[in-house]
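We're numbering straight along the sequence, starting at 1.
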Amino acid sequence: MSLEKEKLHAALTAAFNEFIDAFSAFDESQINKKPAPGRWTPAQIAIHIILATDGVPDQSTKVSDREVDLLLPHIRPWWEDLSQKFKSPGSLQPDEQARSKHEVLKELDRVRKKDLDILESQDLTMICLGFELPGVGYLTRYEWLWFIEMHLKRHTFQLKNMKPV
């Protein structure tokens, strides 16, 4: 495994583990309670993460004609400015269904394994044509996996700052 791949593997693993730990800190009785009107429950945040990190949009790909990480500087500022609020696309918004903690943790483990498998077994230089990131463009698998890592960190911060309900 190359040094960059090892760095991504360590960062992605840590981000998943930290998110799972933050979610796990909530009691079963707390995970389906909204901290405030119009806000997501801890379970809804976790479902959003499951929907958003369930692999990369690589149903169709093309060989890259650029550096594998060229677009990361355009993506990183979105996630690092924690004061910014984003509207999630409809397909990534959680429903109102109550979830069990066990069910959510099982799904989080599944997507963690799936993403780490992509990292270890797929060509990360390929450009994924399944989804174009608005204002940025099509990302490589490498960039998508870093995107997932940053997304996890942002929502870990959100979970850690939720007051227990």
Side-chain angles (χ1 to χ4, degrees), residues 1-20 22-23 38-97 99 103-159:
M1 194 182 299
S2 74
L3 185 59
E4 284 304 308
K5 222 173 171 180
E6 287 177 18
K7 181 179 172 184
L8 176 53
H9 188 279
L12 192 57
T13 299
F16 265 111
N17 291 345
E18 288 168 21
F19 182 86
I20 290 167
F23 178 76
R39 302 283 306 273
W40 284 348
T41 68
Q44 287 176 310
I45 293 168
I47 295 301
H48 166 70
I49 282 295
I50 291 163
L51 293 170
T53 65
D54 192 3
V56 299
D58 62 355
Q59 304 81 1
S60 176
T61 60
K62 73 174 186 176
V63 175
S64 180
D65 58 354
R66 62 176 178 79
E67 292 295 318
V68 69
D69 62 351
L70 180 73
L71 299 180
L72 285 180
H74 302 285
I75 300 165
R76 198 169 296 282
W78 295 357
W79 298 118
E80 290 180 348
D81 181 357
L82 298 173
S83 67
Q84 283 194 58
K85 300 282 185 197
F86 298 105
K87 177 85 169 139
S88 178
S91 63
L92 301 182
Q93 290 193 16
D95 58 27
E96 296 292 328
Q97 178 183 339
R99 301 294 201 296
E103 167 193 353
V104 172
L105 289 171
K106 184 176 168 185
E107 280 298 293
L108 286 167
D109 187 53
R110 181 188 63 78
V111 296
R112 172 179 46 194
K113 288 176 182 169
K114 181 176 184 175
D115 291 341
L116 291 173
D117 183 59
I118 290 167
L119 172 62
E120 294 173 19
S121 67
Q122 300 293 315
D123 180 349
L124 302 183
T125 68
M126 297 298 285
I127 294 179
C128 302
L129 302 174
F131 181 79
E132 184 173 8
L133 199 59
V136 176
Y138 292 104
L139 305 182
T140 62
R141 281 189 184 111
Y142 182 81
E143 290 162 333
W144 272 117
L145 291 170
W146 274 113
F147 183 95
I148 288 170
E149 184 266 353
M150 292 177 242
H151 196 176
L152 282 159
K153 287 171 76 172
R154 183 177 185 86
H155 286 292
T156 299
F157 176 82
Q158 182 183 11
L159 282 176

Would you say Leu159 and Glu18 make side-chain contact, with heavy atoms under 4.5 Å? no
If we only count heavy atoms from C-beta on, is the Leu139 to Ile75 side-chain gap below 4.5 Å? yes
Check side-chain contact (heavy atoms from CB on, under 4.5 Å) between Leu105 and all other residues, then give those that pass, not counting sequence neighbours. Ile20, Phe23, Ser24, Lys101, Leu108
Using the test side-chain hydrogen bond (donor to acceptor under 3.5 Å, both in side chains), find all partners of Glu132 that sit at least two apart in sequence or belong to another chain. none
From CA spacing to verdict: side-chain contact (heavy atoms from CB on, under 4.5 Å), Val56, Ile148: CA-CA 9 Å; Val56 299; Ile148 288 170; 4.2 Å; yes
Ignoring hydrogens and geometry, is there a side-chain-to-backbone donor-acceptor pair from Lys153 to Ala15 under 3.5 Å? no
CD (Glu67) with more than 12 external heavy atoms under 6.0 Å: no
Give the minimum heavy-atom separation between Cys128 and Pro57, together with the two atoms involved. CB-O, 3.1 Å
Nearest 0.5 angstrom please: Lys5 NZ to Leu12 CG, how far? 12.5 Å
Holding to side-chain hydrogen bond (donor to acceptor under 3.5 Å, both in side chains), I want the full list of residues that pass it with Asp95, two or more places apart in sequence or in another chain. Arg99
Please name all residues satisfying side-chain hydrogen bond (donor to acceptor under 3.5 Å, both in side chains) with Asp109, sequence neighbours left out, ordered by chain then number. Arg112, Lys113
Salt bridge (charged side-chain N to carboxylate O under 4.0 Å, His left out) between Glu143 and Arg76: does it pass, once the steps are laid out? CA-CA 10 Å; Glu143 290 162 333; Arg76 198 169 296 282; over 6 Å; no
Answer yes or no: is there a side-chain heavy-atom contact under 4.5 Å between Leu152 and Ile49? yes
Starting from the C-alpha separation in whole Å, work towards a yes-or-no answer on side-chain contact (heavy atoms from CB on, under 4.5 Å) for Trp144 and Phe131. CA-CA 10 Å; Trp144 272 117; Phe131 181 79; 3.7 Å; yes
Heavy-atom distance under 4.5 Å between the side chains of Phe19 and Asn17, does that happen here? no
Do Thr140 side-chain atoms and Val68 backbone N/O form a donor-acceptor pair below 3.5 Å? yes
Of all residues at least two apart in sequence or in a different chain, which pass the side-chain contact (heavy atoms from CB on, under 4.5 Å) check with Thr41? Lys34, Ala43, Gln44
Can you name the side-chain hydrogen bond (donor to acceptor under 3.5 Å, both in side chains) partners of Thr13, sequence neighbours left out? none
Would you mind reporting whether Glu4 and Tyr142 have side-chain heavy atoms less than 4.5 Å apart? yes
Answer with yes or no whether the side chains of Gln158 and His155 bring together a donor and an acceptor at under 3.5 Å. yes
Rounded to the nearest 0.5 Å, how far does CG of Asp69 lie from CG of Leu124? 11.5 Å
Using the rule given for side-chain contact (heavy atoms from CB on, under 4.5 Å), can you reason through Ile118 versus Leu145, listing the C-alpha separation, both sets of side-chain angles and the distance that settles it, and then say yes or no? CA-CA 9 Å; Ile118 290 167; Leu145 291 170; 4.2 Å; yes
Does any pair with a residue in residues 49-60 pass side-chain hydrogen bond (donor to acceptor under 3.5 Å, both in side chains), and if so which ones, sequence neighbours excluded? Asp54-Arg110, Asp54-Lys114, Asp58-Arg141
Decide side-chain contact (heavy atoms from CB on, under 4.5 Å) for Asp115 and Phe16; before the verdict, give the C-alpha distance in whole Å, the side-chain angles of both, and the deciding distance to 0.1 Å. CA-CA 10 Å; Asp115 291 341; Phe16 265 111; 3.4 Å; yes
When every non-hydrogen atom of His151 is compared with those of Ala52, the smallest separation belongs to CE1-CB, 3.4 Å
Rounding to 0.5 Å, atoms NZ (Lys62) and CD1 (Ile127) come to a distance of 5.0 Å
Validation row: Glu107, Ile47 side chains within 4.5 angstrom (heavy atoms): no
